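Structure first, then comments.
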Amino acid sequence: MVIRVYIASSSGSTAIKKKQQDVLGFLEANKIGFEEKDIAANEENRKWMRENVPENSRPATGYPLPPQIFNESQYRGDYDAFFEARENNAVYAFLGLTAPPGSKEAEAQANQQA
């Protein structure tokens, strides 16, 4: 399973850049393997991302903006969904991954099952 994060390397928006760095930095810090897919430098990546963000997750007007997160080809969410999962110690579940033993998320899951 590969986490794919669709980003725009040449975005003029500082908000988008900060969100992208936030997601990528979190994944790196937690040693979660991922692939960066640049939609600014690669038209195929842009087309694939736009086609695979579900209809109910698209903005009312325009195209979905990066970062967009997938597990293989399964859509997991955008920055807001990632941020909410991070705040709730549920990033691994959000990404469709098993939380590693000893992580806050694994401990929370164990406490819920007890």
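Since the structure is predicted, the reported quantities are computational estimates derived from the model, not experimental observations.
The number of heavy-atom neighbours closer than 6.0 Å to CD of E107, taken from other residues, nucleotides and ligands shown, is above 12. Annotation for E44: atom CD does not count as buried by contact number, only 12 or fewer foreign heavy atoms lying within 6.0 Å.
Partners of R86 by side chain to side chain donor-acceptor pair (under 3.5 Å), not counting sequence neighbours, listed by chain and number: D22. With sequence neighbours left out, S9 forms a side chain to side chain donor-acceptor pair (under 3.5 Å) with D38. By the side chain to side chain donor-acceptor pair (under 3.5 Å) test, E43 is found to be paired with R46, residues two or more places apart in sequence or in another chain being considered.
Checked by atom type and distance alone, the side chain of R58 pairs as donor or acceptor with a backbone atom of R50 at under 3.5 Å. S11 places no side-chain N or O within 3.5 Å of a backbone atom of A8 that could act as its donor or acceptor partner.
Within the structure, the ring pair (Phe, Tyr, Trp, His ring centres under 6.0 Å) test picks out the following pairs touching residues 11-41 (sequence neighbours left out): F26-F82. Residue pairs that meet the side chain to side chain donor-acceptor pair (under 3.5 Å) test with at least one member in residues 89-101, sequence neighbours left out, do not exist here.
Atom CZ in R4 sits 10.5 Å away from atom CG in N52 (nearest 0.5 Å). In this structure, K37 NZ and M49 CE are separated by 13.0 Å, a value rounded to the nearest 0.5 Å. The distance from atom CD of E35 to atom CD1 of I3, rounded to the nearest 0.5 Å, is 10.0 Å. Here the CD-OG distance, from Q20 to S13, works out to 8.5 Å after rounding to the nearest 0.5 Å. Annotation: the span from E105 atom CD to N30 atom CG amounts to 10.0 Å, rounded to 0.5 Å.
Note on I16 and V5: separate hydrophobic clusters, where clusters join Ile, Leu, Val, Met, Phe, Trp and Tyr whose side-chain heavy atoms are under 4.5 Å apart, directly or indirectly. F94 and L24 fall within a single hydrophobic cluster, where Ile, Leu, Val, Met, Phe, Trp and Tyr are joined by side-chain heavy atoms under 4.5 Å apart, directly or via other members. V91 and V23 fall within a single hydrophobic cluster, where Ile, Leu, Val, Met, Phe, Trp and Tyr are joined by side-chain heavy atoms under 4.5 Å apart, directly or via other members.
When side chains are defined from C-beta on, I7 does not count as touching I39, because their heavy atoms never get closer than 4.5 Å.
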Begin with the C-alpha distance, continue with both residues' side-chain angles, and end with the deciding distance and a verdict on side chain to side chain contact (heavy atoms under 4.5 Å, CB included) for N88 and E84.
CA-CA 6 Å; N88 293 322; E84 186 175 322; 3.6 Å; yes
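Closest approach of A99 and S103 over heavy atoms only: CB-OG, 3.7 Å.
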Which atom pairs, donor and acceptor, lie under 3.5 Å between side-chain atoms of residues 64-71 and protein residues at least two apart or in another chain?
residue, atom, partner, partner atom, Å
Q68, OE1, Y75, OH, 2.6
Q68, NE2, L65, O, 2.7
N71, ND2, L95, O, 2.8

